[in-house]
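Step one of this worksheet: look at the structure below.
The chains referred to below are lettered A, B, ... by the order of the sequence lines, with proteins before strands, and numbering in each begins at 1.
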2 protein chains.
Amino acid sequence: MEQKTGAGSRDKVLQAAMAMFGENPGARLSVRAVAARAGVSTGSLRYHFPTQRALQDAVLTGIYDVITPDDRIHDRSAPARDRLIDCLRQVLALAGVGEQARAGWGEIFKTYIEPEPTDENRAAYLAIEREAQRRVEHWLTVLSNEGALAEGDNSRRARFLVTVLNGLSIARALPSEESILATETETLHAAVDYVLDSRS
Amino acid sequence: MEQKTGAGSRDKVLQAAMAMFGENPGARLSVRAVAARAGVSTGSLRYHFPTQRALQDAVLTGIYDVITPDDRIHDRSAPARDRLIDCLRQVLALAGVGEQARAGWGEIFKTYIEPEPTDENRAAYLAIEREAQRRVEHWLTVLSNEGALAEGDNSRRARFLVTVLNGLSIARALPSEESILATETETLHAAVDYVLDSRS
DNA sequence: ACCTGAACACCGTTCAAGT
DNA sequence: ACCTGAACACCGTTCAAGT
């Protein structure tokens with residue numbers, strides 16, 4: 001029947017870290033702060049997450065599972081900004097983190113970048129791209145309809161956001177300093193703020 | 001006639017910092033390391049450069065004024081926006097287009113994404129990344145100094161712009177419809193507008 | 001196998017004290 | 001005005017020691 005007590009340290013740490021990230025996505029998530037919040041020692045934290053980067057990756061992955069898979073965009077109880085960010089984060093979550101992110105871009109590279117592009121796989125990639133574009137554009141349309149987004153060229157805005165998402169997702173596959181979590185959040189917010197404030 | 005002896009601490013610090021940056025652009029440039037190399041105390045360093053950020057900005061400005069004195073960014077006859085876009089486009093130009101872009105990303109992929117990252121190439125990539133970041137940040141500093149850019153966190157802004165550049169440059173390597181030129185320009189303008197208008 | 005907490009080697013910033 | 005260096009409050013990581 002126990003579950004609080006029985007919760008492994010790994011889970012406690014992850015819970016704490018995700019809670020802290022939820023409260024302040026720009027937070028630093030230091031070893032000691034997370035360990036304290038989780039009620040474990042720094043040594044234990046390090047045992048489960050050998051590196052600070054590993055912890056941040058786990059948080060990034062965990063967020064995806066928590067965020068509802070169906071369209072958060074319609075949940076009018078939350079600010080438009082938050083909902084759009086949520087949705088974009090979901091897209092980003094598909095890219096994964098660490099090895100998964102590297103494998104994902106590996107696939108894309110081997111299929112669409114390395115070989116001389118044939119008409120066929122050109123079309124295949126364009127379909128994927130268009131799908132992503134369409135999805136983001138849909139979210140913008142929803143926000144437009146409820147007046148949270150000024151009149152404007154939504155497909156242009158979507159293109160902008162998709163470009164930012166691509167930049168962020170390749171950053172996940174490349175080496176990085178341990179602060180990806182905070183910087184990714186910052187950049188995502190910046191992009192969304194631009195779109196929501198743009199009067200063009 | 002004296003100049004070595006008479007060199008003020010400020011200069012000694014700046015010299016040391018620039019030398020260290022020159023030797024290893026990926027270096028951390030910590031207070032103590034720079035102060036030691038300059039032969040002054042950390043307190044003195046802080047007196048002239050109240051913050052670590054201030055020191056790095058000074059180095060950045062110094063370096064690029066030496067290396068590329070005729071950077072387009074200094075051409076005050078043109079609007080800030082145009083100059084910044086110009087500079088960013090130059091970065092993008094290095095990525096090339098078509099086959100060249102594909103080959104470029106191929107190199108990056110094979111070196112930094114595909115293989116399990118060793119400490120060594122991790123560091124190598126981070127140096128490149130930091131260099132790009134610093135370059136963009138330098139441009140922002142120049143615009144800041146002439147009042148074309150509101151007070152704010154320039155390294156954050158630079159991170160945003162670099163992410164957009166990455167997104168745009170990978171788009172150059174991937175299949176795309178024939179309108180890349182226009183859409184790339186749109187997105188680039190959007191990103192720059194965001195930075196120039198941001199009051200945060 | 002899991003966990004502890006001290007210890008290590010760093011950070012950047014502040015500040016009383018000197019000249 | 002300029003400079004010193006100790007002190008403060010942090011980092012992330014390592015590791016002998018416990019259970």
Check your understanding: Taking any atom under 4.0 angstrom from a heavy atom of chain B, which nucleotides of DNA chain C are the first and last to qualify, 5' to 3'?
Key ->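 Terminal contacting nucleotides, 5' to 3': dC11(C) to dT14(C).
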
For [Y], is there any backbone N or O sitting under 3.5 Å from a side-chain donor or acceptor partner on [X]?
{"X": "Arg83(B)", "Y": "Asp75(B)", "answer": "yes"}
{"X": "Asn121(A)", "Y": "Thr118(A)", "answer": "yes"}
{"X": "Thr183(A)", "Y": "Ile180(A)", "answer": "yes"}
{"X": "Glu116(B)", "Y": "Glu99(A)", "answer": "no"}
{"X": "Gln15(B)", "Y": "Ala38(B)", "answer": "no"}

Review point. Considering heavy-atom distances to DNA chain C, does Ser9(A) or Gln56(B) have its closest nucleotide positioned more toward the 5' end?
Key: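 Result of the comparison: Ser9(A).
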
Exercise for review: With sequence neighbours left out, write down each residue that passes side-chain hydrogen bond (donor to acceptor under 3.5 Å, both in side chains) with Arg172(B), or none if nothing qualifies.
Suggested key: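 Per chain and number, Arg172(B) pairs via side-chain hydrogen bond (donor to acceptor under 3.5 Å, both in side chains) with Glu184(B).
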
Practice item. Using side-chain hydrogen bond (donor to acceptor under 3.5 Å, both in side chains) as the criterion, list what pairs up with Glu114(B), not counting sequence neighbours. Key: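 Counting only residues at least two positions away or on another chain, Glu114(B) forms a side-chain hydrogen bond (donor to acceptor under 3.5 Å, both in side chains) with Lys110(A).
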
Revision key, fill the gap. Here DNA chain D, pairs taken as Watson-Crick or G-U under 3.5 Å and shown with ( ), [ ] when crossing and | when to another strand, reads ||.|||||...|||||.||

Exercise for review: For residues Pro175(A) and Leu126(B), report the shortest heavy-atom separation together with the two atoms involved.
Suggested key: O-CD2, 4.0 Å

Review point. With a 4.0 Å cut-off, would you call Arg134(A) and Glu131(A) a salt bridge?
Key: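 Yes, charged N to carboxylate O under 4.0 Å.
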
Check your understanding: With sequence neighbours left out, what residues match Tyr125(A) under ring-ring contact (aromatic ring centres under 6.0 Å, His included)?
Key -> Tyr112(A)

Point to revise | Positions of residues 30-46 of chain B (non-hydrogen atom under 4.0 Å from DNA chain C), listed by number | key: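 The stretch gives Ser30(B), Val31(B), Arg32(B), Arg46(B) as the residues lying under 4.0 Å from the strand, ordered by number.
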
